[in-house]
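Some notes on the structure that comes next.
Quick note on labels: first sequence line is chain A, next is B, and so on, each numbered from 1.
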Amino acid sequence: MGTYVYGIADAEHPGLPEGIDGIGNPASKVRVISGGGLAALACDAPDDLRPKRRDLLAHQHVLSEAGAAGTVLPMRFGSVAEDDEAVAATLAEHADHYRERLGALRDRVEYNVKVQHDEDAVLQLVVAQNAALRAQVESNRRAGGGSHEDKLRVGELAARAVQAQESADADMVREALAPVADAVCDAPQSTGWICNLSFLVDRATPAALADAVEELRQAHPHLVFLVNGPLPPYSFVDPDLAATTGR
Amino acid sequence: MTVATTGQSGGSGGTSGLYDVLELVLDRGLVIDAFVRVSLVGIEILKIDIRVVVASVDTYLRFAEACNRLDLETGSKKPAGLTEIVGGDASESGEGSKTKGALEGAAQTVSDATGRSREEGEKSASRRPSRRREEEK
């Protein structure tokens, strides 16, 4: 047993979701722990806490409910204090720091943007742009597919060209989207994405980012965008991780 | 102009996008040294594994095959600069629809892979706690 913590808000936060279902099965009820003029959203920690689907969803849900009404510093999933007194003591001890972060993130939400290549479309693009590759593709085709070596030659040229396109596109996307956000942060590396970026934007005007993504989508049909948000500002609670965009 | 976004919106508590932002919930967010953090052993299975371009013979052969299937002359993804090389082509309209089919196929493959990975994640998530309890007894 212990006290599970979802996030930290100002004590004046107008809509902390006290009493809703949190993590655990059966679900623990969310409660508020006060200290240092701040409020922590918390609940009893289950004994067998694991990163299970149900609990990840509950963590996200509690933060989403709280975030809809005001600013919350989201905890990383799975943070457990010894008891409620330890939570209150931590709030009081670091109150100035948390208050500074809450101020910096006031009325801001995170949008995560992942980009993939549409494989056929990107191959079409690099073959069209690369004369040597195109000539080899046509030569193989005339030869009914070409020898094993011919195929490897085409494949290697194509793979190099696609890799170069990946990094060029990643830079291009970042440069195009950063100006419409207050800050940008590299999201954790995960497989399969040519870039995975999080943007901090004003909750009142998310359309600027959405419009910028749509423009890129139209202009670069070989890019596939996955946009998620609004999210609690997970990537921006630690100011060292994020790069401000100078806006 | 609108962009389809998934995930949390307002206070609705929608959950469709959770798996797309798992790495944020697990690797980002506030960490307090005085608190214990849950072990993430075994969480890798939840990550959606979609292929990336790596230099290997398998990749080369797959790309060669894909290039061989490409419609070099026409198609909706044709860069504008290619027009003058190609000139008039009687088969243009038919070829265009073939390209579209291939693209839709690729999108379908991605969503299949995503779906499979989600199911696996759920299965492992529901299996794990009971096994853990047995070990503790």
Side-chain angles (χ1 to χ4, degrees), chain A residues 5 48-53 56-57 59-61 64-65 68 73-81 86 90 112 118-121 123-125 127-128 137 140-141 145 151-152 154-156 158-159 162-163 166 187-188 190-192 210-211 213-214 221-222 226-231 234-235 237, chain B residues 1-3 5-11 13 15 17-18 20-32 34-38 40 43 47-53 55 57 59-64 66-68 70 72 75 77-79 82 102-103 106-107 121-122 125 128-129 132-133:
Chain A
V5 184
D48 60 344
L49 180 61
R50 298 277 303 149
K52 295 189 285 279
R53 172 189 165 80
L56 289 163
L57 283 171
H59 180 89
Q60 171 75 351
H61 178 65
S64 175
E65 289 292 315
L73 301 179
M75 298 290 299
R76 194 173 295 186
F77 176 84
S79 300
V80 179
T90 297
N112 179 256
D118 176 315
E119 189 172 287
D120 280 3
L123 285 172
Q124 189 99 37
L125 181 72
V127 169
V137 169
N140 282 12
R141 203 172 282 195
K151 288 178 186 169
L152 287 182
V154 160
E156 187 174 359
V162 169
Q163 279 173 330
E166 281 180 356
S190 54
T191 327
D211 290 350
V213 168
E214 185 57 30
H222 65 288
L226 187 65
V227 181
N228 272 284
L231 298 162
Y234 290 110
S235 302
V237 290
Chain B
M1 207 164 10
T2 56
V3 175
T5 59
T6 52
Q8 304 296 317
S9 63
T15 56
L18 176 76
D20 299 323
V21 294
L22 252 191
E23 78 276 17
L24 300 178
V25 183
L26 291 167
D27 294 346
R28 293 286 189 261
L30 190 61
V31 173
I32 295 175
F35 296 180
V36 174
R37 285 212 55 235
V38 66
L40 296 184
I43 196 68
K47 283 190 181 163
I48 297 166
D49 189 19
I50 301 172
R51 64 192 176 215
V52 274
V53 176
V57 170
T59 306
Y60 295 165
L61 291 177
R62 186 162 59 78
F63 275 15
C67 284
N68 196 41
L70 281 184
L72 297 181
K77 306 287 181 180
K78 176 186 65 178
L82 229 55
L103 294 175
E122 272 175 51
R128 202 176 296 123
R132 191 177 146 82
R133 268 195 295 276

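B:Val36 meets the side-chain contact (heavy atoms from CB on, under 4.5 Å) test with no other residue; sequence neighbours excluded. Here B:Ala64 pairs with A:Lys151, A:Val154 under the side-chain contact (heavy atoms from CB on, under 4.5 Å) rule; sequence neighbours left out.
When every heavy atom of B:Arg28 is checked against every heavy atom of A:Pro188, the shortest pair comes out as NH2-N, 3.6 Å. What you find for A:Leu123 and B:Ala66 is that their closest heavy atoms are CD1-CB, 3.4 Å. The heavy-atom pair separating A:His59 from B:Val25 by the smallest distance is CD2-CG1, 3.8 Å. Between A:Ser79 and B:Phe35 the shortest heavy-atom distance is CB-CD1, 4.2 Å.
Proximity to chain B is limited to the side chain of A:Val127, based on heavy atoms less than 4.5 angstrom apart.
In this structure the side chain of B:Asn68 never reaches within 4.5 angstrom of the side chain of A:Val137, judged on heavy atoms. A heavy-atom distance below 4.5 Å is not found between the side chains of B:Leu30 and A:Val5.
Using a distance-only test at 3.5 Å, with no hydrogens or angles considered, a donor-acceptor pair links the side chain of A:Arg141 to the main chain of B:Cys67. Using a distance-only test at 3.5 Å, with no hydrogens or angles considered, no donor-acceptor pair links the side chain of A:Arg76 to the main chain of B:Ile32.
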- After noting the C-alpha distance and the side-chain angles of B:Leu24 and A:Gln60, does the key distance pass the side-chain contact (heavy atoms from CB on, under 4.5 Å) rule? CA-CA 10 Å; B:Leu24 300 178; A:Gln60 171 75 351; over 6 Å; no
